[in-house]
Protein chains: 2
Amino acid sequence: MGASKTEHFTDKQNAIAIMAKALGHPARVAIIEYLLKTDSCICGDIVNELPLAQPTVSQHLKELKNVGLIKGSIDGNAICYCVDEKALTVLQKFFTHVTTKMGKKKNNCC
Amino acid sequence: MGASKTEHFTDKQNAIAIMAKALGHPARVAIIEYLLKTDSCICGDIVNELPLAQPTVSQHLKELKNVGLIKGSIDGNAICYCVDEKALTVLQKFFTHVTTKMGKKKNNCC
DNA sequence: AAACTATATCGCAATATTGCAATATACTAA
DNA sequence: TTAGTATATTGCAATATTGCGATATAGTTT
């Protein structure tokens with residue numbers, strides 16, 4: 001087929017997967033890191049920062065926004081993008097939970 | 001084109017992206033969760049747990065293994081898969097770092 | 001209004017992913 | 001060795017992603 005069988009998994013598994021997938025491209029990781037590193041959040045600055053053409057960056061921003069990892073607000077002629085704390089906290093909690101569970105496990109057979 | 005321009009990004013950004021991408025499918029999130037939840041790590045049990053055919057599960061396991069999120073060891077006729085602490089810790093640290101940085105930021109314009 | 005700036009969308013080609021039936025491999029048991 | 005069990009690989013169709021030129025949209029400035 002080619003499409004993920006999302007209906008067979010839990011909402012939480014799908015939510016984690018959707019956000020992880022959005023971060024599954026280095027440009028989108030770079031966007032998140034840029035937004036945290038700098039005080040700027042202007043779309044144009046992000047375009048200048050990344051080694052990709054403007055339409056490509058715009059599309060990456062759209063994907064991050066679609067899954068809720070960033071949000072945008074109009075600032076005059078420009079558009080300002082910021083990371084969304086809630087979404088990233090969900091991922092942080094998931095991985096902290098995972099690593100905590102790992103620490104408690106004894107029978108690692110591999 | 002259709003291929004990611006990975007050469008333009010840092011090694012760390014690519015590493016995070018590759019692992020995030022591997023978790024960008026609910027079946028692979030489910031596999032990690034299953035390995036943490038149960039004491040079993042037998043491939044056949046994972047196949048039974050997931051709503052996907054055996055070759056499909058085998059491929060998902062291969063992808064998780066390729067990026068180092070799990071590792072496998074032969075156990076007689078079966079194969080035992082375990083989560084790889086190091087890889088998951090890299091992700092946990094990344095997201096903890098991100099959320100920590102978020103907390104310190106004041107000028108959230110969105 | 002016209003010209004300019006910033007961002008988004010369209011349309012397309014190249015490539016990657018998903019899923020599975022069929023088959024292959026490899027180990028186990030008789 | 002033969003039969004059975006467990007896992008991997010192959011090959012294919014359907015779909016999704018990536019990247020960007022061309023273009024559209026929307027705000028700003030003059």
Side-chain angles (χ1 to χ4, degrees), chain A residues 1-9 13-14 17-31 35 40-67 70-82 109-110, chain B residues 1-9 13-14 17-31 35 40-67 70-82 109-110:
Chain A
M1 300 291 162
S4 298
K5 297 184 134 190
T6 58
E7 68 276 15
H8 294 312
F9 300 96
Q13 284 164 347
N14 280 310
I18 283 171
M19 288 191 287
K21 189 178 192 174
L23 289 172
H25 191 293
R28 298 194 288 264
V29 173
I31 288 170
L35 289 176
S40 165
C41 58
I42 305 300
C43 175
D45 292 344
I46 302 170
V47 170
N48 289 332
E49 176 84 0
L50 295 192
L52 296 168
Q54 179 268 323
T56 308
V57 174
S58 183
Q59 202 173 282
H60 284 307
L61 287 166
K62 187 182 175 186
E63 278 183 63
L64 286 172
K65 199 174 154 198
N66 279 345
V67 305
I70 63 173
K71 44 193 172 173
S73 64
I74 298 173
D75 177 20
N77 201 14
I79 294 194
C80 170
Y81 284 106
C82 296
C109 45
C110 309
Chain B
M1 299 290 166
S4 298
K5 296 184 134 191
T6 56
E7 67 276 14
H8 295 312
F9 300 95
Q13 284 164 347
N14 280 311
I18 284 172
M19 288 190 288
K21 189 177 191 175
L23 289 172
H25 191 293
R28 297 194 288 262
V29 173
I31 288 170
L35 289 177
S40 164
C41 58
I42 305 300
C43 175
D45 292 345
I46 302 170
V47 169
N48 289 333
E49 177 83 358
L50 295 192
L52 297 167
Q54 179 266 324
T56 307
V57 174
S58 182
Q59 204 173 280
H60 284 308
L61 287 167
K62 187 183 176 184
E63 279 182 64
L64 286 172
K65 200 174 153 199
N66 280 344
V67 304
I70 64 173
K71 45 194 172 173
S73 64
I74 298 173
D75 177 21
N77 200 15
I79 293 194
C80 169
Y81 284 106
C82 296
C109 44
C110 307

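Proteins get letters first, then strands, A, B, ... in listed order; numbering begins at 1 in each. No hydrogens, no waters, no symmetry mates; every other heavy atom, side chains included, goes into these values. Model, not experiment: these values are computed from the prediction.
Closest non-hydrogen pair, A/Cys110 versus B/Lys71, comes out as SG-O, 3.5 Å.
Every pair passing side-chain hydrogen bond (donor to acceptor under 3.5 Å, both in side chains) that includes a residue from residues 55-65 of chain A is listed here, sequence neighbours excluded: A/Arg28-A/His60, A/Arg28-A/Glu63.
Distance B/His25 NE2 to D/dT15 C1': 12 Å, rounded to the nearest Å. The separation between A/Ile18 atom CD1 and D/dA16 atom P is 13 Å, rounded to whole Å. Summarising the geometry, the separation between CG on A/Leu61 and P on C/dT7 is reported as 9 Å, rounded to the nearest angstrom. Here the C1' atom of nucleotide C/dT7 and the CD1 atom of A/Ile31 are 14 Å apart, to the nearest Å. Distance NZ (B/Lys62) to C1' (C/dG19): 15 Å, rounded to an integer number of Å. Rounded to an integer number of Å, the gap from B/Asn66 CG to D/dA8 C1' is 13 Å. Rounded to an integer number of Å, the gap from CG of B/Leu52 to C1' of D/dT7 is 16 Å. We find that CG of A/Asn48 is positioned 13 Å from C1' of C/dT5, with the value rounded to whole Å.
Residue B/His60 places at least one side-chain N or O closer than 4.0 Å to OP1 or OP2 of C/dG19. The phosphate of C/dA6 has neither OP1 nor OP2 within less than 4.0 Å of any side-chain N or O from A/Tyr81. Put simply, A/Lys21 has no side-chain N or O that comes within less than 4.0 Å of OP1 or OP2 on D/dA16. Distances shorter than 4.0 Å separate some side-chain N or O of B/Arg28 from OP1 or OP2 on C/dT18. At D/dT7, none of the side-chain N or O atoms of B/Ser58 fall inside 4.0 Å of OP1 or OP2 (strictly under the cut-off).
For B/Asp45, the side-chain hydrogen bond (donor to acceptor under 3.5 Å, both in side chains) partners at least two apart in sequence or on another chain are B/Ser40. In this structure, the side-chain contact (heavy atoms from CB on, under 4.5 Å) partners of B/Val57, at least two apart in sequence or on a different chain, are B/Ile46, B/Val47, B/Leu50, B/Leu52, B/Leu61.
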Review item, nucleotides 23-30 of chain C N/O atoms under 3.5 Å of protein N/O:
residue : atom : partner : partner atom : Å
C/dC27  : O3'  : B/Gly76 : O            : 3.4
C/dC27  : O2   : B/Asn77 : OD1          : 3.3

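Closest to the side chain of A/Glu63, from the set D/dC20, D/dT18, D/dT7, is D/dT18. Distances from the side chain of B/Ile42 to the nucleotides C/dG19, D/dA22, D/dT7 place D/dT7 closest. Of the candidate nucleotides C/dT18, D/dT7, C/dA16, D/dT7 has the atom lying nearest to any side-chain atom of B/Cys43.
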Donor-acceptor pairs are to be reported for all side-chain atoms of residues 75-82 of chain A against protein atoms at under 3.5 Å, with residues two or more places apart or in another chain.
none

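The CD atom of B/Gln13 lies 10.0 Å from the CD1 atom of A/Ile31; values are rounded to the nearest 0.5 Å. The line from CG of A/Asn14 to NE2 of B/His25 is 9.0 Å long, rounded to the nearest 0.5 Å.
Residue contacts for A/Gln59: at a heavy-atom cut-off of 4.0 Å it reaches a base atom on one of the strands shown.
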